[in-house]
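Residue numbering restarts at 1 for every chain, and letters A, B, ... go by the order of the sequence lines.
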Protein chains: 2
Amino acid sequence: MTDETELPGQVALLWGLRETVRRGRKPSLTVADIARAAVEVADAEGLAAVSMAKVAARLGNSTMALYRYVKSKDELLLLMSDEAMAERPDLPDGLDWRTALTLWTQGLLAGLRRHPWTAQIPISGPPVGPNNLWWFDRALRALGDTGLDEGDKVGVVMGLITFLHGRLRLGIELSAGYAENPEAFGGQYGRALTRVADAHRYPALNKVIAAGVFEGDVGYDEEADGAFGLGLYLDGVAAFIERRTVGPE
Amino acid sequence: MTDETELPGQVALLWGLRETVRRGRKPSLTVADIARAAVEVADAEGLAAVSMAKVAARLGNSTMALYRYVKSKDELLLLMSDEAMAERPDLPDGLDWRTALTLWTQGLLAGLRRHPWTAQIPISGPPVGPNNLWWFDRALRALGDTGLDEGDKVGVVMGLITFLHGRLRLGIELSAGYAENPEAFGGQYGRALTRVADAHRYPALNKVIAAGVFEGDVGYDEEADGAFGLGLYLDGVAAFIERRTVGPE
DNA sequence: CCCCGATGCGTATGGGCTACGCTATTTGGC
DNA sequence: GCCAAATAGCGTAGCCCATACGCATCGGGG
């Protein structure tokens with residue numbers, strides 16, 4: 001029971017733990033090279049443009065050479081989703097939990113904005129890559145001195161991550177769509193809705209439209225919602241911490 | 001300015017507003033038929049299995065026939081993402097906002113659990129389909145008598161939807177992965193982490209592991225997080241409503 | 001009754017993933 | 001020094017996919 005529980009292959013892959021080899025031709029690539037090249041393609045041309053052939057070409061190898069490093073394209077996608085979070089900002093220690101989590105969120109979102117395609121990669125399991133775990137650890141650390149027990153900390157962080165994944169999809173993906181196709185938004189949006197959503201069946205929606213909320217651009221104001229939705233969640237966390245630390249102990 | 005501002009083609013498609021035709025052969029399908037068939041395929045075999053050929057076969061038509069109704073596969077995906085929310089539960093009126101939003105959330109999540117692939121469809125614009133707008137309207141209605149102004153209501157609902165999208169990805173997609181591949185989770189998860197995440201670089205994470213939070217199954221407890229994360233957000237909303245209605249007016 | 005216009009669809013093109021087997025390269029053991 | 005084993009690199013080919021194009025087919029208006 002000391003050591004050799006076999007690691008799930010994908011975990012080993014993410015951490016670069018390949019058995020040191022003796023015989024045979026030397027590898028000309030590393031798994032990390034491949035992940036980086038794939039991320040570059042996705043950043044430049046979108047996730048749909050990531051093909052084994054294109055990634056291989058960027059590395060100066062043939063398509064099939066990649067399969068010596070990666071079992072399938074799905075494995076490559078897994079690598080990419082860890083590589084996308086590779087940029088780790090400086091997060092100073094010793095801040096109060098709310099400031100720390102706000103900075104953490106901003107840092108994470110900044111990274112995700114650089115790789116908006118992460119939202120399109122299906123999630124196949126809990127986080128196991130080194131970069132994902134680093135972010136997880138830093139969020140837990142921010143809650144270090146709140147007096148919450150470890151299980152509650154995980155709950156709070158999971159909730160926050162949950163929120164951010166939604167933010168990624170709605171905010172970032174939506175603004176990417178906006179950048180590509182502004183005429184679908186703009187004043188047209190509210191006007192199209194009135195044409196189609198009659199007041200009888202959608203009363204609350206029509207009240208919003210009548211109040212002019214959708215006038216002008218609907219480009220999803222990052223700043224506003226970032227402060228808004230996240231702020232509300234953190235308010236809830238604050239209330240939770242108070243409840244927990246006043247009650248027991 | 002009375003009427004004929006051209007609707008964006010995709011909006012017309014979603015609402016079934018095609019010009020009534022006079023001459024020519026009769027269509028054997030409707031756009032709704034196609035959307036339904038595509039949803040059935042995705043439910044049964046996953047989004048990746050949705051191909052024009054498979055959808056057409058299920059309808060007894062040839063592949064190319066679909067292109068008389070839909071310009072591209074992307075348009076079909078748009079139709080699917082509205083069709084996936086077609087089931088509209090009874091949401092009683094006259095509840096307080098918090099109960100109403102909780103019920104709303106549960107109803108929405110129940111639908112999404114039946115169509116977990118929705119998380120993988122890229123978002124290309126604001127909601128325009130009839131079903132999406134129905135859900136939007138009902139959430140706004142739940143906030144009807146809170147005294148918030150219309151813009152704030154939209155903010156709260158957007159935040160909630162943001163949260164739910166994350167929930168969809170992390171909760172639902174993750175449990176789908178769990179169902180397919182339980183051995184990647186289970187007790188193995190915590191154990192794999194200790195093998196790989198050394199205590200020096202991930203101190204907060206290791207404290208959590210040491211506390212036994214990851215013992216047993218990590219199947220992402222739907223109930224727990226549903227109440228947990230959502231509850232925290234709603235607590236924040238409650239504080240917000242209080243602030244807003246006490247301050248002005 | 002005929003013909004215009006719309007639908008249905010067969011074919012072809014260009015791309016994608018990946019199984020398979022051959023070649024090239026490296027090194028451990030003798 | 002040399003061989004054999006082990007490994008990397010990759011060309012080929014099979015299969016599936018989205019979709020452009022052109023022709024066959026149908027149905028109602030004149």
Side-chain angles (χ1 to χ4, degrees), chain A residues 9-10 12-13 16-35 37-38 41-42 44-80 117 120-122 124, chain B residues 9-10 12-13 16-35 37-38 41-42 44-80 117 120-122 124:
Chain A
Q10 307 196 325
L13 191 72
L17 305 177
R18 338 185 67 206
E19 338 64 89
T20 29
V21 196
R22 304 279 154 231
R23 297 250 266 277
R25 194 169 171 172
K26 273 186 190 156
S28 66
L29 298 173
T30 67
V31 170
D33 289 336
I34 296 175
V41 173
E45 307 174 59
L47 189 63
V50 175
S51 70
M52 301 303 267
K54 208 171 275 184
V55 174
R58 173 174 288 255
L59 293 165
N61 282 60
S62 82
T63 306
M64 292 312 292
L66 300 192
Y67 284 92
R68 295 287 179 195
Y69 301 86
V70 153
K71 257 201 283 296
S72 68
K73 188 179 178 181
D74 279 349
E75 260 192 17
L76 176 58
L77 291 177
L78 184 68
L79 289 172
M80 290 175 69
W117 41 264
Q120 287 162 46
I121 298 184
S124 55
Chain B
Q10 307 194 327
L13 189 71
L17 304 177
R18 337 184 67 204
E19 338 67 88
T20 30
V21 198
R22 305 278 155 234
R23 298 250 266 275
R25 191 170 172 169
K26 273 186 190 158
S28 67
L29 299 173
T30 67
V31 170
D33 289 336
I34 296 176
V41 173
E45 306 175 58
L47 189 62
V50 175
S51 70
M52 300 304 267
K54 209 171 273 187
V55 173
R58 174 173 288 255
L59 292 165
N61 282 61
S62 83
T63 306
M64 292 313 292
L66 301 192
Y67 284 93
R68 295 288 179 195
Y69 302 86
V70 153
K71 259 203 279 299
S72 68
K73 188 179 177 181
D74 279 349
E75 261 192 16
L76 177 57
L77 291 178
L78 185 67
L79 290 171
M80 289 175 70
W117 41 264
Q120 288 163 44
I121 298 184
S124 55

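- You'll find that the side chain of Met64(B) is closest to dT19(D), out of dT19(D), dC22(C), dG16(C).
- Of the candidates dC22(C), dC17(D), dT19(D), dC17(D) carries the atom nearest the Ala53(B) side chain, counting heavy atoms from C-beta on.
- The separation between Lys26(B) atom NZ and dG8(C) atom P is 13 Å, rounded to whole Å.
- Taking the side chain of Pro27(B) as heavy atoms from C-beta on, and the options dG29(D), dG11(D), dT7(C), the nearest nucleotide is dT7(C).
- Tyr69(B) and Pro27(B) get closest at one heavy-atom pair: OH-CB, 3.3 Å.
- Residue Ile34(B) contributes atom CD1, which lies 11 Å from atom P of dT7(C) at whole-angstrom precision.
- The shortest non-hydrogen separation linking Met80(A) to Ala42(A) is CE-CB, 3.7 Å.
- Tyr67(A) places its OH atom 13 Å from the P atom of dC20(C), with the value rounded to the nearest Å.
- The listed nucleotides are dC17(C), dT7(C), dC9(C); the one nearest the side chain of Ser62(B) is dC9(C).
- Candidate nucleotides dG8(C), dT18(C), dT19(D) were compared by shortest atom distance to the side chain of Lys73(A), and dT18(C) ranks first.
- Interatomic distance, Glu75(A) CD to Leu66(A) CG, rounded to the nearest 0.5 Å: 12.0 Å.
- Atom pair Lys54(A):NZ and dG14(C):P shows a separation of 16 Å (rounding to whole Å applied).
- Rounded to the nearest 0.5 Å, atoms OG (Ser62(A)) and CE (Met52(A)) are 10.5 Å apart.
- Of the candidates dC10(D), dA8(D), dT7(C), dT7(C) carries the atom nearest the Arg68(B) side chain, counting heavy atoms from C-beta on.
- With rounding to whole Å, Asp74(A) atom CG is found 14 Å from dG16(C) atom C1'.
- Rounded to an integer number of Å, the gap from CG of Leu66(A) to P of dA19(C) is 14 Å.
- At dG8(C), one or more side-chain N or O atoms of Ser28(B) fall inside 4.0 Å of OP1 or OP2 (strictly under the cut-off).
- Taking every side-chain heavy atom of Arg23(A) into account, dG28(C) is the closest of dG27(D), dT18(C), dG28(C).
- Of the candidate nucleotides dC10(D), dC9(C), dC17(C), dC9(C) has the atom nearest to the side chain of Ala65(B).
- Between Lys71(A) and Ser51(A), the residue anchored nearer the 5' end of DNA chain C, judged by the nucleotide with its closest heavy atom, is Ser51(A).
- Among the atoms of the strands shown, only primed sugar atoms or phosphate atoms (P, OP1, OP2) are found under 4.0 Å from some heavy atom of Met52(A).
- Taking the salt bridge (Lys or Arg N to Asp or Glu O under 4.0 Å) definition, one finds that Asp33(A) meets it with Arg36(A), sequence neighbours left out.
- Comparing dC10(D), dG16(C), dG8(C) against the side chain of Arg25(B) picks out dG8(C) as the nearest.
- In this structure, CG of Leu59(A) is placed 15 Å from C1' of dA8(D), rounded to the nearest angstrom.
- Ser72(B) comes within contact range of the sugar-phosphate backbone alone, with a heavy-atom separation under 4.0 Å but no base atom that close.
- In this entry the distance linking CG of Leu29(B) with P of dT7(C) reads 11 Å, nearest Å.
- Leu79(A) is not listed as a side-chain neighbour of Ile34(A), based on a closest heavy-atom distance of 4.5 Å or more.
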